[in-house]
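Worksheet for the structure shown next.
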Amino acid sequence: MGQSVPPRILIAQDLSAMGSLSMQTALTLFQACDFSIGVLPTTILSTQSEGFGSPAVLDTTLWTQQTLQHWVKEQIRFTAAIVGYYDNEAVGDQLADYLDQQAAAMDLVLVDPAFADNGEPYPLQGLAHMEGLRHLLRRATLATPNLTEACLLTNTPLFTPSSQAVRALLVKFNQLLAPGGQTVLTGLEFGDQVGVAWLDPLEGRLQQMTLPRLPGHFYGSGDTFTALLTILLCQQRDLNTAVRQATDLLHEGLVATMKANDERRYGIKLGAIIAALQSLA
């Protein structure tokens, strides 16, 4: 028998030249697991957009269009895709068109609609960007919004999490996705606990996983969770198992980051995550 071909993953998100954030994190984790990957920087930044002042920005809109056209011409196929932060609606439209063309080959399209937090959209992310995200999300088989993003995209007033309200929001957000698409709601705060919630794909029951809140802010935690979740799903875990394992792995990375003698703005320490992830394989 021939050897099975490993999944080939498309990573489309911002690339920060400094730290373990966004595409840097995804590249490190996927390569540690020997995945074949293709990268599509939606924008290139000298640093992340928080904690370093105003970064130098390189627009990649034209390059993205040319790259996607080249991949189509060369019949390069991806079995899964992660789409994260982008700051130009044209890039979002390009990605939506490409995902439409490649839908038959992709088992998983994960969209992390990164545009808001703490009750407000990021600067310059207005109504047009939200409409573009809704258009893109119709291609997603899985989405990982935080509470603010999910509320804004579904026109739901922001609320203090409760089981009933979270379940209603998940049902509402699933309607934005491809048929059968699932949502994992991230960054939910329940007292001194923080975690995620989703609906069991088979029974529709609300699932939650929380862990003790750690002090301070962890830049790049959402990017890390999204990459871990994609890896575990591509390793053939079911959604319930993948979400729980990704949450545990992220927590290990946050603890390691908290203990490290480094500034949080440089992102998540990935060594402990990689060791634990590889032990699961």
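We number each residue from 1, following the sequence as shown. These numbers come from the heavy atoms of this one structure, side chains and all, not from hydrogens, waters or symmetry mates.
- Put simply, the side chain of Phe52 does not reach to within 4.5 Å of the side chain of Ser46, judged on heavy atoms.
- Residues Ala128 and Glu89 come closest through the heavy atom pair O-CG, 4.0 Å.
- As a member of the Ile/Leu/Val/Met/Phe/Trp/Tyr network built from side-chain separations under 4.5 Å, Phe159 groups with Leu147, Leu158, Val166, Leu169, Leu170, Val171, Leu185, Leu188, Phe190, Leu199, Leu206.
- Ile44 has its side chain within reach of Thr60: a pair of non-hydrogen atoms, C-beta onward, lies under 4.5 Å apart.
- Taking 4.5 Å as the limit, every side-chain heavy atom of Gln175 sits out of range of all side-chain heavy atoms of Thr154.
- Atom CD in Gln69 sits 11.0 Å away from atom OG1 in Thr64 (nearest 0.5 Å).
- Applying the side-chain contact (heavy atoms from CB on, under 4.5 Å) test between Thr25 and each of Leu228, Leu270, Ile273 identifies Leu270 as the sole match.
- Of the candidates Thr183, Thr156, Asn155, Lys172 forms a side-chain hydrogen bond (donor to acceptor under 3.5 Å, both in side chains) with just one, namely Thr156.
- Proximity of Leu136 to Val83: side-chain heavy atoms (C-beta onward) are separated by under 4.5 Å at one or more points.
- Contact annotation: the side chain of Leu177 never approaches that of Thr141 to less than 4.5 Å [non-hydrogen atoms, C-beta and beyond].
- If you take CG on Leu277 and CD on Gln245, they are separated by 9.0 Å, rounding to the nearest 0.5 Å.
- Taking every heavy atom of both residues into account, Pro215 and Met258 meet most closely at CD-SD, 3.7 Å.
- Among residues two or more places apart in sequence or in another chain, the salt bridge (charged side-chain N to carboxylate O under 4.0 Å, His left out) test is passed with Arg167 by none.
- Using a 30° and 60° split on the angle between ring planes, Tyr85 and Tyr122 fall in the tilted class, from 30° to 60°.
- When the salt bridge (charged side-chain N to carboxylate O under 4.0 Å, His left out) test is applied to Arg264, no partner is found at least two apart in sequence or on another chain.
- Pro201 and Leu239 make their closest contact through CG-CD2, 3.7 Å (heavy atoms, listed as atom of the first residue, atom of the second, distance).
- Ring geometry, Phe35 versus Phe30: the interplanar angle exceeds 60°, so the pair is classed perpendicular (tilted spans 30 to 60°).
- Partners of Arg244 according to the salt bridge (charged side-chain N to carboxylate O under 4.0 Å, His left out) rule, which considers only residues two or more places apart in sequence or in another chain, do not exist here.
- The salt bridge (charged side-chain N to carboxylate O under 4.0 Å, His left out) check on Asp192 picks up nothing, with sequence neighbours excluded.
- A 4.5 Å side-chain heavy-atom check between Asp248 and Leu211 finds at least one atom pair inside the cut-off.
- Summarising the geometry of Arg265 relative to Gly51, their closest heavy-atom pair is NH1-O, 2.7 Å, with the distance given to 0.1 Å.
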Please report, to 0.1 Å, the donor-acceptor pairs under 3.5 Å made by any side chain of residues 219-226, with sequence neighbours excluded.
unit_1	atom_1	unit_2	atom_2	d
Ser221	OG	Phe218	O	3.3
Asp223	OD2	Ser22	N	3.0
Thr224	OG1	Gly220	O	2.9
Thr226	OG1	Thr144	OG1	3.4
Thr226	OG1	Gly222	O	3.0

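- A pairwise comparison of heavy atoms in Glu149 and Phe173 identifies O-CE1, 4.5 Å as the closest pair.
- Aromatic ring pairs are classed by plane angle as parallel below 30°, tilted from 30° to 60° and perpendicular above 60°; the pair Tyr98 and Phe78 is perpendicular.
- Thr42 is not listed as a side-chain neighbour of Asp87, based on a closest heavy-atom distance of 4.5 Å or more.
- The environment of CD in Gln164 is sparse: at most 12 heavy-atom neighbours from other residues, nucleotides or ligands sit within 6.0 Å.
- When side chains are defined from C-beta on, Leu153 does not count as touching Pro145, because their heavy atoms never get closer than 4.5 Å.
- Here the closest heavy-atom approach between residue Cys234 and residue Leu108 is recorded as SG-CD2, 4.3 Å.
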